[in-house]
Chemist: 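After the structure tokens below, expect a handful of questions from me.
Note that the numbering runs from 1 along the sequence shown for the chain. Every value quoted in this text rests on a predicted model; they were computed, and no experiment measured them.
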Amino acid sequence: MILVPESGSAPKTKSEEANLERAPEVNMEDPPPYVDSQEGSSTIQPPSRALPNIRPSNFVCLSRQNDSVKGSWIIDPTMVIPSAFLPSVPEDETEQTRSNISLSSKNGAVSADIFVLPTSNHTSLPITHRKQIIIRGASHNGSVTLKIHEIASEGKRLPMQIHGFSANGNINIYVPRSFQGPVSVKLRNGNLRFSETVKASVTQFSEMNGMQRSFIGDFDANAIQNAGEWAGDTLSLESRNGSVKVYFDDEVDEPTRLKSQSFLGRLFSF
């Protein structure tokens with residue numbers, strides 16, 4: 001391509017002509033790139049997330065004493081587990097409300113990365129008639145951290161019912177961005193904090209006698225009223241002598257990030 005300078009203008013050098021030839025075309029109708037200007041107490045992780053190199057399972061139940069529970073699990077809600085491999089159902093549960101994963105410890109912490117597979121990925125397998133994914137984490141004399149990741153896919157998404165309990169420890173819950181539903185948090189000698197990103201999606205209802213009720217997501221009172229009993233996501237947490245923090249799963253906890261930066265500062269003296 002040969003560029004002809006306008007009359008009266010100085011001739012372009014070869015370097016300037018090359019830069020003009022490489023100049024990208026700009027479509028003025030395209031919108032500008034999105035930039036999130038919201039400042040909060042957390043940072044955003046890259047959207048891509050690789051599954052850990054472990055086999056999927058379902059109806060996982062781990063209970064330990066004087067030891068922590070820590071690890072990663074992939075939950076396939078369509079996987080049928082023979083009853084011979086399952087423990088007895090707790091008194092307050094039935095086969096229809098059996099937890100897809102239940103992690104508990106006495107005198108130890110619970111820390112889990114939980115990846116939930118979509119039902120549409122396994123249409124060839126028999127699908128159990130479960131209406132939701134049930135996740136439980138509990139500790140006596142320890143903290144509870146549940147990072148719940150939903151693997152996106154086209155098709156049916158089962159709502160999540162998340163339960164967390166801790167006595168003498170904090171609770172940190174990371175929910176997927178797709179989470180939408182009521183939140184109930186019962187506190188005794190502790191406080192509740194949402195990350196700034198989550199807080200922007202929270203509708204607060206009440207706080208009385210240590211019980212706080214709110215809703216994460218687009219709250220439509222008329223739609224919920226007409227639907228009758230709520231069949232979507234729920235988050236139910238209770239902490240005794242500990243605080244509760246709720247994040248989205250692609251956020252990095254600010255205290256953890258600052259602690260890491262402080263360590264690097266001491267290491268490299270800056």
Chemist: Is a side-chain donor or acceptor of Glu251 paired with a backbone partner of Phe248 at a separation under 3.5 angstrom?
Modeler: yes

Chemist: Among Gln212, Glu207, Lys245, find the one that has a side chain to side chain contact (heavy atoms under 4.5 Å, CB included) with Leu192.
Modeler: Gln212

Chemist: Taking side-chain contact (heavy atoms from CB on, under 4.5 Å) as the test, write out the residues that go with Pro82, two or more places apart.
Modeler: Phe85

Chemist: Considering the options Val60, Ile135, Leu117, which one meets the side chain to side chain contact (heavy atoms under 4.5 Å, CB included) requirement together with Ile75?
Modeler: Val60

Chemist: Are Val175 and Trp73 in one and the same hydrophobic cluster, where Ile, Leu, Val, Met, Phe, Trp and Tyr link if side-chain heavy atoms are under 4.5 Å apart?
Modeler: yes

Chemist: Taking the six-membered ring of Phe194 as reference, does the NZ or CZ atom of Lys199 fall below 6.0 Å from its centre and within a 45° cone about the axis?
Modeler: no

Chemist: Would you call Ser104 and Arg136 a side-chain contact if the rule is heavy atoms closer than 4.5 Å?
Modeler: no

Chemist: Once you round to the nearest 0.5 Å, how far does CG of Asn100 lie from OG of Ser57?
Modeler: 10.0 Å

Chemist: Roughly how far, to the nearest 0.5 Å, is OG of Ser105 from NZ of Lys70?
Modeler: 13.5 Å

Chemist: Within the 3.5 Å criterion, strictly below it, is a donor on Asp76 or Asn58 matched to an acceptor on the partner's side chain?
Modeler: no

Chemist: Going by atom types only, do Thr78 and Thr119 share a side-chain donor-acceptor pair under 3.5 Å?
Modeler: no

Chemist: Are more than 12 heavy atoms, taken from residues, nucleotides or ligands other than Arg98, located less than 6.0 Å from that residue's CZ atom?
Modeler: yes

Chemist: Report all side-chain donor-acceptor pairs from residues 138-145 shorter than 3.5 Å, counting only partners two or more places apart or in another chain.
Modeler:
from: Ser139; atom 1: OG; to: Gly108; atom 2: O; distance (Å): 2.5
from: Ser139; atom 1: OG; to: Gly142; atom 2: N; distance (Å): 3.3
from: Ser139; atom 1: OG; to: Gly142; atom 2: O; distance (Å): 3.4
from: Asn141; atom 1: OD1; to: Asn168; atom 2: ND2; distance (Å): 2.7
from: Asn141; atom 1: ND2; to: Asn107; atom 2: OD1; distance (Å): 2.8
from: Thr145; atom 1: OG1; to: Asn172; atom 2: ND2; distance (Å): 3.4

Chemist: Okay, side chain of Thr234, backbone of Pro182: is any donor-acceptor separation there less than 3.5 Å?
Modeler: no

Chemist: Would the distance check show the side chain of Asn170 and the main-chain N or O of Ser243 forming a donor-acceptor pair, the cut-off being under 3.5 Å?
Modeler: yes

Chemist: Roughly how far, to the nearest 0.5 Å, is CD1 of Ile101 from CD1 of Ile74?
Modeler: 11.0 Å

Chemist: Does Phe215 have any ring pair (Phe, Tyr, Trp, His ring centres under 6.0 Å) partners at least two apart in sequence or in another chain, and if so, which?
Modeler: Phe219, Trp230

Chemist: Rounded to the nearest 0.5 Å, what separates atom CD1 in Ile171 from atom CD1 in Ile173?
Modeler: 6.5 Å

